[in-house]
Amino acid sequence: MSQSLTVAQQAAVEHFEGPLLVLAGPGSGKTRVITHRIARLIERGVPAETILALTFTNKAAREMASRVQLLMPGCRVQVSTFHRFCSRLLRIWPEDVGLKSSFSILDTTDQLRLVRQIMKDCGYDTVHLEPRRILNRMSRARNDLVTAETFRRRYEQRVGDLVDAVVCDVFPRYEQQLLSQNVVDFDALLLHVVDILTNAPERRECLDEQFRFILVDEYQDTNQAQYRILTGLSHSFPNVCATGDPDQSIYGWRGARPDNIAHFERDFDGVKIVMLDENFRSSAAIVDCADQLIAFNTRRHPRKLTTPNPQGAPVRLRRFTNGDTEADIVAAEIAHGVRENNRCYADFAVFYRVNALSRSIETALSRHGVPYQVAAGVSFYERAEIRDLIGYLRVIENPADESALTRIINRPARTIGEKTLLKIRNFSAQHCITMFAGACRCDEIPSLTSRSRRPLEAFTDLIRRLHDATAHKSVSWLIEQLLAEIDYLSLWRDHDNEIDQDRAANVHELISAARQYEQLLGEDEDGRSLQGFLELTSLTSEVDNVDQSRGAVTLMTMHAAKGLEFPVVYVLGLESGLIPHERAVRDGNPVSFEEERRLLFVAVTRAQEELHLTQTYERTFQGQRRSTIPSMFLQEMPLEYGDGIPQTPCVTAPKLDEQLQQARQRYEIAHSSHQKPAVISGADLLKQHEAVSPATDQSSLFPVGSTVRHPQYGRGTVVSATGGTGRATVTVHFESQNLEQTFVASHCPLQPVG
DNA sequence: CCGACTACTGTTTTT
DNA sequence: CAGTAGTCGG
């Protein structure tokens, strides 16, 4: 930290006004550059309030904020994630986009619930056509700033498949529902701000002027919406400093546009570019590995990573019989490292491609008495009991929030069942009021018996009372009052089983989280404390609670690892199907395939001193044991092969097409040998009827990659095919029509060719 | 209207 | 395997 800046770093720090693009390789001191740059700007007399630093994760924001504080104690630079920044803006001008400032933020589960509801309303079969698929497509479109109307227009120009037809129906209704329920999802948070910036020039100018200097971290991860926000804020004062690394772009699947980096040069005049290629983080052996690996990506500016660091220990690959052995040995090694080699637990990190792999390591680590922290996808706030209580808080703050309302209206059970809910929904729709308002007027719903009215009245009364209390009561008071009123804890208190104790403990953890939040808030703000607390809970994930100073081994996915560094890193499960992930290979898209390589690149470059790669001969997955095939990326790195693994010579970069084909073949082999033949009964097929299902396994009728003929569309290639009971479909891509169509095998007009 | 049981399905990655 | 959605009987 105390070392001086390099010439290149200096250049980025000293650059004053005008757009600046910092292309920073891993470990090249990017965060240092940003924080020093902020400090330098302030030194130059730029008021701290006019500086805005935007990041993607809370973790990065917090890290940056604390480092700025270290350099410039007490300064009020705004460091925030894109989402939080947008949320704050929308709290100020909610009516610009048709919201009220009490809007709540939906998580993925809420989104799915809403999509499912809408699909049902439209008469779609949500069993065979998964709401998740619809949501994914819609979200992808919205990330790309495609509106519902544009989506429909494109579809009508015959681009798209059956699923898109459903999206056309759901999309506008979904957005309309968001507004009428006074809620936003993660995408809408950004989109509304884009809307303000494009349609309200006076607001845009005001913000542009307020934030004269903007710094964006991980620029390669910006999606179209974020990009527009950025440009919108930097029109009159184009003092944008974007830092990023195209080789670390790993969020393409959620709409990130790494080519925003190229656009940056196009959209801003006189961009100054600074390249930081020197890696100060890792040993030469590790940098070598990373450099050779990433060189295999074809769509990339060639770049050579260098380091002044010593060679260090070779990067070693080992292979174990199965996942449990793998986990056990890694755990034992970590324990040993701490006991004998003067390491501390926090020096170690274990990465994996999918969260599912964390479990075996967790058990192994606790068996060896090693403390660990997991940055898992399932957050504290997603646990049922927590979601219940948060649901209550959300309804109290924003009674229009239907996802929250339907979750909690009958929890704990108060005999408000599906039928009652449906009657309220219909009544509310008729009178154009929210469901909560409808519930309040349940005496006007003739079909409701007094037996179902009574609990409804009690419920609405409870919510109203607590809502009124928010004006002068704290969040923790609210939660405790709520617990008392609905006697919530008794749901879990009865037995002395572990799960119930966990749940009760979680509830108390929520209360203490609320207390902590209140303390942080201080005495000055009283009224909106509930709103702030809810915002915190919806925009914070478990990953953000990972704390490297906690004296524990860190377990996380490769995605979550970005931006971090550890002296010793283990990367698990270097197997075909896992990395590159089966799904990234299956869709045959070179873009997603190369993203897998970048992901491994990110993982590898987290290590400072030691990097250990492991794989197994057998992997138990979804209850099935399968033998594995080594990841093809392994032969792209100079490794030391341990324990009798046949040495595969390091290859030189072949053409991308060949690599892809290789990967696909391997994947097919790996699975076909263990595939049980698809047995499809006639009854199952009838059940299907015109349903569209996601691809899961291969059907023996139409192997993936084979050519088929369709009477109408002509020749096509099978993209995916499902067997399995209850669903049997084939998805075919017709190159000449630019069309992807899914067929139900029972009445499938397809003919195999050749 | 509620709870219990059974089928089924699938997770890449996250704000 | 494990979590969930959907079904059935009281």
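Here is how names work: the chains are called A, B, and so on, in the same order as the sequence lines, proteins then strands, and each is numbered from 1.
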Has [X] got a side-chain N or O lying under 4.0 Å from the OP1 or OP2 atom of [N]?
X         : N       : answer
Asn355(A) : dT13(B) : yes
Thr557(A) : dT14(B) : yes
Arg254(A) : dT13(B) : no

Side chain of [X]: nearest nucleotide among [options]?
X         : options                   : result
Ala356(A) : dT15(B), dT11(B), dT13(B) : dT11(B)
Asn410(A) : dT13(B), dC2(B), dT15(B)  : dC2(B)
Glu130(A) : dG10(B), dT11(B), dT14(B) : dG10(B)
Thr81(A)  : dC1(B), dT14(B), dT15(B)  : dT15(B)
His83(A)  : dT11(B), dT13(B), dT15(B) : dT15(B)

Would you mind reading off the distance between [X] atom [atom1] and [N] atom [atom2], rounded to a whole angstrom?
X         : N       : atom1 : atom2 : value
Asn136(A) : dT13(B) : CG    : C1'   : 12 Å
Arg454(A) : dC1(B)  : CZ    : C1'   : 15 Å
Gln117(A) : dA5(C)  : CD    : C1'   : 15 Å
Arg140(A) : dT14(B) : CZ    : P     : 16 Å
Leu112(A) : dT14(B) : CG    : C1'   : 14 Å
Arg583(A) : dT11(B) : CZ    : P     : 5 Å
His581(A) : dT14(B) : NE2   : P     : 12 Å
Arg359(A) : dA2(C)  : CZ    : P     : 6 Å

Would you kindly check if the NZ (Lys) or CZ (Arg) of Arg254(A) is within the cone defined by 45 degrees around the ring axis of Tyr251(A) and under 6.0 Å from the six-membered ring centre?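 So Arg254(A) does make the cation-pi contact.
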Within 45 degrees of the ring normal and closer than 6.0 Å to the centroid, is that where the cationic atom of Arg91(A) sits relative to Phe103(A)?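 Satisfied, under 6.0 Å and within 45°.
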Using a heavy-atom cut-off of under 4.0 Å over every strand shown, decide if [X] touches base, sugar-phosphate, or nothing.
X         : answer
Thr420(A) : sugar-phosphate
Ile416(A) : sugar-phosphate
Phe82(A)  : nothing
Phe186(A) : base

Stacking check: are the rings of Trp253(A) and dT13(B) less than 5.5 Å apart at their centres and under 30 degrees in tilt?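 Check passed, Trp253(A) stacks on base of dT13(B).
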5' precedence on DNA chain B between Phe56(A) and Leu578(A) (nearest-nucleotide basis):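 Nearest nucleotide further toward 5': that of Leu578(A).
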For Gln111(A) and Lys423(A), find the nucleotide of DNA chain B closest to each by heavy atoms; which residue's nucleotide sits nearer the 5' end?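 The residue whose closest nucleotide sits nearer the 5' end is Lys423(A).
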Using 30° and 60° as the class limits, which term best fits the ring planes of Phe351(A) and Phe566(A): parallel, tilted or perpendicular?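 The rings of Phe351(A) and Phe566(A) stand perpendicular, inter-plane angle above 60°.
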Spell out, as yes or no, whether a donor-acceptor pair under 3.5 Å connects the side chain of Thr628(A) to the backbone of Arg619(A).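 Checked: no pair found.
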Please determine if Arg367(A) and Asp324(A) form a salt bridge, counting it only when a charged side-chain N lies under 4.0 Å from a carboxylate O.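 Salt bridge between Arg367(A) and Asp324(A), a charged N being under 4.0 Å from a carboxylate O: no.
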Using the P atom on both, measure dT11(B) against dG6(C) and round to a whole Å.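 Pairwise P distance, dT11(B) against dG6(C), rounds to 16 Å.
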Candidate pair Leu215(A) and Met64(A), rule side chain to side chain contact (heavy atoms under 4.5 Å, CB included), full reasoning: CA-CA 11 Å; Leu215(A) 299 95; Met64(A) 194 169 296; over 6 Å; no
